[in-house]
Amino acid sequence: MNNTEEKVRVRIAPSPSGNLHIGTARTALFNYLFAKKTGGKYVLRIEDTDLDRSSEAFKQNIFDSLKALGLNWDEGPDVGGEYGPYKQSERFDIYPKYAQMLIDKGYAYECFCSNEELDEEHRIAAEKKIPYKYSRKCLNLTKEEKDALKAKGIVPSIRFKVDAKELIFNDLVKGELKFDTGLIGDFAIMKSNGTPTYNFAVVIDDMLMKITHVIRGEDHISNTPKQILIYEALGAKVPEFGHLGMILAPDRSKLSKRHGATAVSDFIKEGYLTEALLNFVALLGWSPSDGVEIKNVDEIAADFRINEVSSSNSIFEYEKLNWMNGQYIKKMDISKLTDLALPFLNKYNTSKYTRKQLEHIIEVTREPITLLKDLEFDTQYFFEEPDYSEVKELLSTELAKDVLSKFKEEIIDYNFENTEEIHDKLAYFRTYFKENKGYKPKETMWAIRAALTGRTRGADMVATIQILGKDEVIKRLNSI
RNA sequence: GCCCCCAUCGUCUAGAGGCCUAGGACAACACCCUUUCACGGUGUAGACAGCGAUUCGAAUUCGCUUGGGGGUACCA
């Protein structure tokens, strides 16, 4: 490293053939962290060369999810930048030039093989149980032969000529990686429809966008030698590569829809906080040097070293994510939390309360929850009549009748403006029944809670009584 | 099949030859706190996949085996 060293430029290159996957989000995060730590730039590029599988809706979901996570890019399709366009489908005119350059330099050649011929080659290889490699049938076609084929209307694909050699590169997270390129075979770089293949488009774009470090999932390891070969043929500088372990489902298979949420937007819909999601996913592979796991992105970035990232796969388990989400919910600014929580309460008529009161409701119910979604059930009795079906038995006990009849008498005199007074009176109430009837404090409270909320658990009783208000409390006591 | 990657408590991980009778976090369990559920606190239980080799000494290095993952396309 020295001063003439170019600025770090990393990229995240999702293909819009699905919503933003949590694994892609982690890759984006690690790129973002690396850029932040090194003062580099973080670029978003949309890889939509496969037009059939790409869609505008998915692209939008990727944008929205990345933004929701706070992983904002320095350059990209919407914000622009000096190396655009940042959508591969808008770069289709770029690739053929470079493909032609490779042909001219003898690194690539036209291939007229039909899909049927290629399938047949695959079939034979499979039958003989030998690894498949393109036959190079088209490698030595003469100009006349090629012209004849073209005259027949056959449009060639373009293949990269791979010579056998040992290829070694030093991976940022895995260390030294070795490949025998003799095993690869001549792979396509341009399809016969004129669009580039993935491996070619990536190299051209990364080269033109001056990407210095490619940090991506280890499912790309086997693409790397192919890509390095292209860089070398082009005479371009090969970037550094870093391959991250994959995120697996608890059954150790690829994390997919059948395991539950996989898209960031799904997690958000379930009531996960983006801060928690990000923090959790960072811990899959990275660990803080001070042992403090709850950290925001800036703190993580400051402590982030790509070479210290774990190189093994990790399993996505919900327990810790849920715990972490709960931690964030407990600590989040109440106004911000209320904003996030309100959409989860839309089945209720929230307008019967003021904003201040709504914040208060969230404040007193946030403690035990792990998902924002939990709020719907936990706040039910603030918005609707309680459902007494679960506490019928409890309310019909001698104890409950005792407690409630006295409570009903006394509540009339409670000053609802004064929470301290409510608190003290309830304390006295518990003591009274303990001393006179031998009821346990919690039994006394259970009776009151059941009568007022239809539950045996929930928010602090003082707050609940105060929020409900005197009229509602009396109404509920009289209704049972 | 072939190529590649990976391998510490159930899970995420710390650990870069002696600091390790392997540390932390989540989950579990117990107890404490307490107006409920929780939160919080204090504890308990729980792992170096196996086998060889190197070394005075290995979770840490090397090899093999096993297991898991990825790739093997004119998908990305």
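Just the heavy atoms: all of them, side chains too, but no hydrogens, waters or symmetry mates, feed the values below. Every chain is numbered from 1 and lettered A, B, ... according to where its sequence line falls, protein lines coming before strand lines.
Rounded to whole Å, atom C1' of B/rA27 lies 14 Å from atom CD1 of A/I315. Note: CG (A/L255) to C1' (B/rG69) measures 14 Å, nearest angstrom. Summarising the geometry, the separation between CG on A/D374 and P on B/rC39 is reported as 13 Å, rounded to the nearest angstrom. Straight-line distance from the NZ atom of A/K133 to the P atom of B/rA73: 13 Å, rounded to whole Å. For the pair A/E443 CD and B/rU35 P, the computed distance is 14 Å after rounding to whole Å. One interatomic measurement links the two molecules: NZ of A/K295 to P of B/rC12, which rounds to 20 Å at whole-angstrom precision.
In a base pair of the Watson-Crick type (N1 to N3 plus N6-O4 or O6-N4) or a G-U wobble (N1-O2 and O6-N3), with each distance short of 3.5 Å, B/rC64 is matched with B/rG50. Across all strands shown, B/rG41 is found opposite B/rC31 as a Watson-Crick or G-U wobble partner, with both distances under 3.5 Å. Base pairing of B/rC26: its partner is B/rG10, meeting the Watson-Crick or G-U wobble criterion (both donor-acceptor distances under 3.5 Å). The base-pairing partner of B/rC2, taking Watson-Crick or G-U wobble contacts with both distances under 3.5 Å, is B/rG71.
For A/K191 and B/rC75, the shortest distance from a side-chain N or O to OP1 or OP2 is below 4.0 Å. Here A/S287 reaches the OP1 or OP2 of B/rA14: one of its side-chain N or O atoms lies under 4.0 Å away. Between A/Q327 and B/rG40 there is a side-chain polar atom (N or O) within less than 4.0 angstrom of OP1 or OP2. Listed pair A/R455 / B/rU36 fails the phosphate criterion, with no side-chain N or O lying under 4.0 Å from OP1 or OP2. Close to B/rA76, at under 4.0 Å from its OP1 or OP2, lies a side-chain N or O of A/T49. Using a 4.0 Å cut-off, some side-chain N or O of A/R252 falls inside it from OP1 or OP2 of B/rU11. Close to B/rA73, at under 4.0 Å from its OP1 or OP2, lies a side-chain N or O of A/H122. Phosphate proximity of B/rU13 to A/S314: present, with a side-chain N or O under 4.0 Å from OP1 or OP2.
Considering all non-hydrogen atoms of both residues, A/H243 and A/V173 come closest at O-CG2, 2.9 Å. Scanning all heavy atoms of the two residues, the minimum distance from A/V473 to A/I465 falls at CG2-O, 3.9 Å.
For A/T197, the side-chain atoms get nearest to B/rA76 when compared with the rest of B/rA76, B/rC12, B/rC39. Comparing B/rG1, B/rU36, B/rC5 by their closest approach to the side chain of A/E218 singles out B/rC5. Considering only the side chain of A/K174, B/rC5 comes nearest among B/rA76, B/rC26, B/rC5.
Taking the C1' atom of each, B/rC19 and B/rA76 are spaced 48 Å apart, rounded to whole Å. Between B/rU13 and B/rU66, the two P atoms lie 26 Å apart (nearest whole Å). Using C1' as the reference atom, B/rG70 and B/rC74 are 22 Å apart when rounded to the nearest Å. One C1' atom belongs to B/rA59, the other to B/rA47, and the distance between them is 10 Å to the nearest Å. For B/rC62 and B/rG46, the P atoms lie 31 Å apart once the distance is rounded to whole Å. Between the C1' atoms of B/rG57 and B/rG17, the separation comes to 7 Å (whole Å).
Enclosure of atom NZ in A/K437 is not indicated, since only 12 or fewer non-hydrogen atoms of other residues, nucleotides or ligands lie within 6.0 angstrom.
Taking for each of A/M246 and A/I221 the nucleotide of RNA chain B with the nearest heavy atom, the 5'-most of the two is the partner of A/I221. Across the interface with RNA chain B, nearest-nucleotide mapping of A/E176 and A/W446 shows A/E176 to be the residue nearer the 5′ end.
Under the 4.0 Å criterion applied to side-chain N and carboxylate O atoms, A/E121 and A/K133 are not assigned as salt-bridge partners.
In this structure, A/E367 reaches the bases: a heavy-atom distance under 4.0 Å links it to at least one base atom across the strands shown. Here A/E319 lies in heavy-atom contact (under 4.0 Å) with sugar-phosphate atoms only.
Contacts of A/H21 classified as side chain to side chain contact (heavy atoms under 4.5 Å, CB included), with partners at least two apart in sequence or in another chain: A/T24, A/L255, A/T262.
A donor-acceptor contact under 3.5 angstrom links the side-chain atoms of A/K320 to the base of B/rA25. Residue A/N223 places a side-chain atom within donor-acceptor reach of the base of B/rA76, judged by atom type and a 3.5 Å distance cut-off alone. In terms of polar N and O atoms assigned as donor or acceptor, the side chain of A/D460 comes within less than 3.5 Å of the base of B/rU35 in a complementary pairing. Under 3.5 Å, the side chain of A/S192 and the base of B/rC74 form at least one donor-acceptor pair of N or O atoms.
For A/F187 and A/F200, the ring centers sit 6.0 Å or farther from each other.
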Between A/H220 and A/Y198, is the side-chain hydrogen bond (donor to acceptor under 3.5 Å, both in side chains) condition met? List the steps. CA-CA 11 Å; A/H220 286 293; A/Y198 164 75; 3.2 Å; yes
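In this structure, OH on A/Y381 lies 6.5 Å from CZ on A/R455, to the nearest 0.5 angstrom.
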